[in-house]
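Written out below as structure tokens is the structure these notes cover.
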There are 2 protein chains.
Amino acid sequence: MPGDSMPRIADPALPERRRAQILEAARACFQEHGFRQTTIEEVCAQARISPGALYRYFAAKADIVAAIALDARSDAEAALDRLNGAAQLIDGLTELAHAFFAACDNNREAALIGDVWAEAAHDPLLAKALSERAKTTTARIAAAINHAQRDSEIYPALASAEAAEILMAALDGMALRRAIFWEGPAELARRFRLLALHILKPKR
Amino acid sequence: MPGDSMPRIADPALPERRRAQILEAARACFQEHGFRQTTIEEVCAQARISPGALYRYFAAKADIVAAIALDARSDAEAALDRLNGAAQLIDGLTELAHAFFAACDNNREAALIGDVWAEAAHDPLLAKALSERAKTTTARIAAAINHAQRDSEIYPALASAEAAEILMAALDGMALRRAIFWEGPAELARRFRLLALHILKPKR
DNA sequence: ACCTGAACACCGTTCAAGT
DNA sequence: ACCTGAACACCGTTCAAGT
């Protein structure tokens with residue numbers, strides 16, 4: 001009906017904007033002091049919003065780390081895309097690993113990794129989401145391995161799915177250890193390359 | 001001086017007993033509900049002790065997980081001892097991995113792993129302690145690899161220290177993923193064996 | 001010397017009240 | 001429809017008082 005009532009929604013884009021605003025503030029705080037040590041009040045101050053408003057967009061503090069964890073898509077996706085184009089599979093994988101390790105370089109984003117795993121261990125929904133993402137990633141890497149095998153760039157020594165799973169597990173393990181033992185991304189990338197070489201046995 | 005005064009220490013073994021009592025109770029609680037979700041009050045109830053008494057033996061809740069993490073020595077040490085005796089290095093490593101994965105089988109000890117890493121990322125003392133232990137473990141595995149190389153059981157394809165680091169990182173990564181993605185210990189041990197085979201290239 | 005348990009401080013979450 | 005900020009509930013930690 002024309003000339004009906006007041007607008008039902010003031011700004012349809014607002015909710016998404018608020019969520020982004022909160023996530024950015026939270027990411028900054030968490031990286032600085034860690035998930036547990038950061039208080040909701042600090043996040044609110046950083047985001048210039050009140051607690052009441054924050055809880056309008058996130059049901060709990062844990063949901064905020066979960067959202068951050070799932071947001072780390074973009075970089076990883078981009079690196080995976082480059083992988084499909086890489087003539088040299090090993091080089092592509094090494095670059096992927098290096099990007100992964102370097103992402104948590106100067107800032108303390110590495111510390112967040114542990115928090116996210118810890119959270120996931122007690123939050124089935126986050127666990128499920130991470131699991132899905134891991135499955136996708138592994139599948140894409142397996143596909144790249146298959147591709148390289150068809151081009152006879154590497155020996156078909158191992159089922160590609162299995163090789164991909166092993167590589168991803170090692171990547172996660174190295175990233176975690178990086179957060180605690182403070183090894184450099186370059187050193188870790190070199191080590192990952194060594195691993196990939198031995199698992200995938202490239203010809204020449 | 002004889003017939004001096006009251007005994008200065010009622011029972012010299014008491015402190016250690018109390019610590020053990022608290023750690024056992026805490027371990028049970030943490031495995032059941034996770035570190036964060038467990039309250040000090042619950043640990044106290046389980047240990048049949050008051051909060052005040054607990055804080056006489058641990059300065060903070062975080063110190064309790066730290067102690068638990070560092071207590072996981074015994075099993076690992078035993079497995080490492082068996083490793084030095086293993087004629088077949090690969091078999092020994094696989095057994096080590098299987099023991100590691102199976103330790104957190106039915107119970108939810110796996111969930112604790114994430115908590116410990118998260119804690120370590122923000123607790124330099126725990127990080128240091130874990131780092132020391134990792135260094136020792138890696139050195140022992142590297143020694144076992146050297147030994148097997150001298151017996152020409154495996155090809156000297158890779159510096160033993162580097163191979164050991166890669167294997168340990170993968171082990172940690174697989175254990176973590178196990179806590180979230182619920183893969184079986186047997187499957188993971190099989191995958192780890194595959195990895196070890198490719199990294200260490202045994203002869204025959 | 002060791003313990004108890006009430007009290008304190010802090011922080012995640014809610015909700016009545018505003019616009 | 002969206003926000004504020006005071007209030008609530010919960011839990012880690014402390015401490016005065018007991019034995």
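Quick note on labels: first sequence line is chain A, next is B, and so on, each numbered from 1.
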Proximal nucleotide (of dT4(C), dC3(D), dT14(D)) relative to the Ile49(B) side chain: dT4(C)

Nearest-angstrom distance from the residue atom OH of Tyr55(B) to P of dC11(D): 13 Å

Nucleotide dT4(D), atom C1' - distance to CD1 of Ile40(A) in whole Å: 16 Å

Pairing of Arg177(B) and Asp172(A) as salt bridge, 4.0 angstrom limit: yes

Atom-pair distance (CZ on Arg48(B); P on dC2(C)), nearest Å: 22 Å

Residue closer to the 5' end of DNA chain C, Lys61(A) versus Leu14(B) (nearest nucleotide): Leu14(B)

Trp117(B) and Phe181(A) aromatic ring geometry - parallel, tilted or perpendicular at 30°/60° bounds: tilted

Distance test, side-chain N/O of Thr39(B) to OP1/OP2 of dG12(D), below 4.0 Å: yes

Nucleotide dT13(C), atom C1' - distance to CG of Leu54(A) in whole Å: 10 Å

Watson-Crick/G-U partner (both atom distances under 3.5 Å) of dC11(D): none

Steps toward side chain to side chain contact (heavy atoms under 4.5 Å, CB included) verdict (His122(A), Arg36(B)): CA-CA 9 Å; His122(A) 304 294; Arg36(B) 272 187 230 167; over 6 Å; no

Aromatic plane relationship, Phe35(A) with Phe30(A) - under 30° parallel, 30 to 60° tilted, over 60° perpendicular: perpendicular

For atom CZ of Phe30(A) and atom C1' of dG12(C), their distance in whole Å: 12 Å

Between dC10(C) (P) and Glu42(A) (CD): distance, integer Å: 13 Å

Whole-Å distance separating the CG atom of Asp11(A) from the P atom of dC3(D): 10 Å

Any-strand Watson-Crick or G-U partner of dT4(C), both distances under 3.5 Å: dA16(D)

First encountered from the 5' end of DNA chain C, between Gly52(A) and Arg36(A): Arg36(A)

Touch class at under 4.0 angstrom, heavy-atom based, for Phe58(A) against every strand present: nothing

Student check: side-chain heavy atoms of Arg140(A) and Leu83(A) closer than 4.5 Å: no

Candidates dT4(C), dT14(D), dG5(D) - which lies nearest the side chain of Ser50(A): dG5(D)

Atom-to-atom span, OH of Tyr57(B) to P of dG12(D) - whole angstrom: 20 Å

Given dT13(D), dT4(D), dC3(C), the nucleotide with the shortest approach to the side chain of Arg56(B): dC3(C)

Arg18(B) side chain near dC3(C) phosphate (N/O to OP1/OP2, under 4.0 Å): yes

